[in-house]
Amino acid sequence: MTMESSYYRVEVTCQLPNLSVDSSEISLPGNSDVEKLTQLSTTVLLIGYDTANPIPLDFLLNDRLLRDSLQNHVQQYKLSTENVLRLSIVRKIEAPEWKASDEVPDWVSSIGSSRSNVAYACYDGIVRLVRDGKYNDPISIPGHSQPVKCAACFSTSKGALIVSGGRSNDILVHEIDQAPEEEIIFCQGHSEAVNSVSIESNAKRFCSGAGDGMLKIWSLDPPAMEGVDFSDKSRAARMGRRSKRSRGPLVTLALHQDSITTVIWCRKLEHEIISCSMDSTLKVLDINSLKARNSYSHQRPFNAIDQSAISQIVATASFDTKIRLYDTRVNQEVIIISTLTGHQQKVSCFKWCPTNDNYLISGSFDETVKLWDIRSPAVPLYDINISKGKVLSCDWIAENDEILLGGEDCLLHRFEVKI
């Protein structure tokens, strides 16, 4: 049977504001694709559609984005045609628009943002803070003697809190306010490079993961800060005359058998921290019991993870070209709920959209960043081909609809994307 002779019963709904559909159930030929459905929707189905002000359309068939003909979609996802299929008309996300590419002194290893503050870490040992969109005038935050591998940012009522770590095995906490002086906390405890840091949502604590396989929890509460011990004169010279205090961790856990590559302090379940490691495990730590609530094993080591603040789905990378999505809320070993395919080399970083859990960006050693709708796992929405080297870090800033990416080309690229 040809596509032209195949017809499917479809219940049509509209997810566009101020618009509705004329007929809820129709029959569509198997060769219907996005182009044909757009023509049908704008001329027949949609009530209130203004052809003088066209809206780009997309279509969900049984909760999956349509990227092929109706018949091929049904076959690809093994949909039953005994029941009426569900077709939803949605607004199409437009392509990210380039805004600027700002030169930086070295590779960009990490980007962290919080409201109007953006912190990015570089291999020159300096973290730079951008305030209120002033990318041409960042604040340089020295202190590390070797390349910085991770940086997290938290906006405060007075300014910003920056936590950073790197190959020098230590962690620096900078409290930067409107005054020219800044306060520094020097955190020691890891015996190998600090790969990842994450701040609790109330900024009372932060966690770190390092090459020594240790997960540490640290206090950011000022009364708990310890005395100053700066016998390292070279470090004192790098930090200048700023206020300096040192401290040790609140908790140290030998959670993994190999290097921890990423830690995330959960936003919704604040008593949980998610970590991944070169030991090929992804673990969910219950902070109250200081035990792993769950552990997920994979055949490859994990090199990066990120959790959606909305759905709590965890995106993972495992030194290959795929992005695998886990639901860590269940207390059992779970099957990967989806796999996104499209990169040609190792996936190095990703970031969920802060306002819509269907969207995700990913960066790769193939020098591209991809914008995904997870309802279309086989085909990304858009490719961003601007980097001239491996992409090492990316971020998604909700406040100004901005995507940031950086890596080996020593540029901080900015794109506007409206969800």
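Judged by distance alone, the side chains of Thr281 and His256 do bring a donor and an acceptor atom under 3.5 Å apart. With 3.5 Å as the limit, one finds no donor-acceptor pair spanning the side chains of His298 and Ser280. Side-chain atoms of Ser155 and Asn117 form a donor-acceptor pair, as typed in the model, at a separation below 3.5 Å. Using a 3.5 Å distance cut-off with no hydrogens or angles, the side chains of Asn83 and Ser80 do not pair a donor with an acceptor. Residues His343 and Asp366 bring a donor and an acceptor atom of their side chains to less than 3.5 Å of each other. With 3.5 Å as the limit, one finds no donor-acceptor pair spanning the side chains of Ser110 and Ser393.
Gln39 CD: 12 or fewer foreign heavy atoms inside a 6.0 Å radius. When the shell of 6.0 Å around CD of Gln257 is examined, it contains 12 or fewer heavy atoms from other residues, nucleotides or ligands. The local environment of CG in Asn202 is crowded, with over 12 non-hydrogen atoms from other residues, nucleotides or ligands closer than 6.0 Å. Open room surrounds CD on Gln344; 12 or fewer heavy atoms of other groups in view lie less than 6.0 Å from it. A 6.0 Å sphere centred on CD of Glu97 holds no more than 12 heavy atoms belonging to other residues, nucleotides or ligands.
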Side chains of residues 312-320: which donor-acceptor pairs under 3.5 Å do they make with residues two or more places apart or in other chains?
unit_1, atom_1, unit_2, atom_2, d
Thr316, OG1, Arg324, O, 3.0
Asp320, OD1, Lys322, N, 3.3
Asp320, OD1, Arg324, NH1, 3.4
Asp320, OD2, Arg324, NH1, 3.1
Asp320, OD2, Arg324, NH2, 2.8

Problem set entry | Stepwise side chain to side chain contact (heavy atoms under 4.5 Å, CB included) check, Tyr296 with Ile336 | CA-CA 10 Å; Tyr296 309 92; Ile336 297 166; over 6 Å; no
Exercise. Would Arg375 and Asp63 count as a salt bridge (charged side-chain N to carboxylate O under 4.0 Å, His left out) if you check the C-alpha gap in whole Å, the side-chain angles of each, and the deciding distance to 0.1 Å?
Worked result: CA-CA 7 Å; Arg375 296 168 296 185; Asp63 302 320; over 6 Å; no
For this session: Would you please test Asp373 and Arg64 for salt bridge (charged side-chain N to carboxylate O under 4.0 Å, His left out) and show each step?
Result: CA-CA 9 Å; Asp373 186 321; Arg64 294 277 192 177; over 6 Å; no
Exercise. So Asp124 and Arg128, salt bridge (charged side-chain N to carboxylate O under 4.0 Å, His left out) or not? Walk me through it.
Worked result: CA-CA 11 Å; Asp124 64 355; Arg128 290 166 176 86; 2.8 Å; yes
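Separating the CD1 atom in Ile171 from the CD atom in Gln188 is a distance of 10.5 Å, to the nearest 0.5 Å. How far OG of Ser145 is from CZ of Arg167: 11.5 Å, rounded to the nearest 0.5 Å. To the nearest 0.5 Å, atoms CG (Leu411) and CG (Leu405) are separated by 9.5 Å.
Side-chain N or O atoms of Thr262 include none that pairs as donor or acceptor with a backbone N or O of Cys276 at under 3.5 Å. In this structure, Asn169 contributes its side chain and Ser191 its backbone to a donor-acceptor pair below 3.5 Å.
When side chains are defined from C-beta on, Phe350 does not count as touching Trp372, because their heavy atoms never get closer than 4.5 Å. Side-chain contact check for Ile184 versus His174: some heavy-atom pair is nearer than 4.5 Å. Within the 4.5 Å cutoff, the side chain of Thr328 has no heavy atoms near those of the Asn294 side chain.
Residues that satisfy the side-chain hydrogen bond (donor to acceptor under 3.5 Å, both in side chains) test with Glu200, not counting sequence neighbours, are Arg205.
With salt bridges taken as basic N to acidic carboxylate O contacts below 4.0 Å, none links Asp395 and Arg414.
The aromatic rings of Phe302 and Tyr326 sit perpendicular to each other, their planes meeting at more than 60°, with 30° as the lower class boundary.
Here the shortest heavy-atom pairing between Ala292 and Leu255 reads CB-CD1, 4.4 Å.
Shown are Ile384, Asp409, Val369, Ile386; of these, the side-chain contact (heavy atoms from CB on, under 4.5 Å) with Val391 is made only by Val369.
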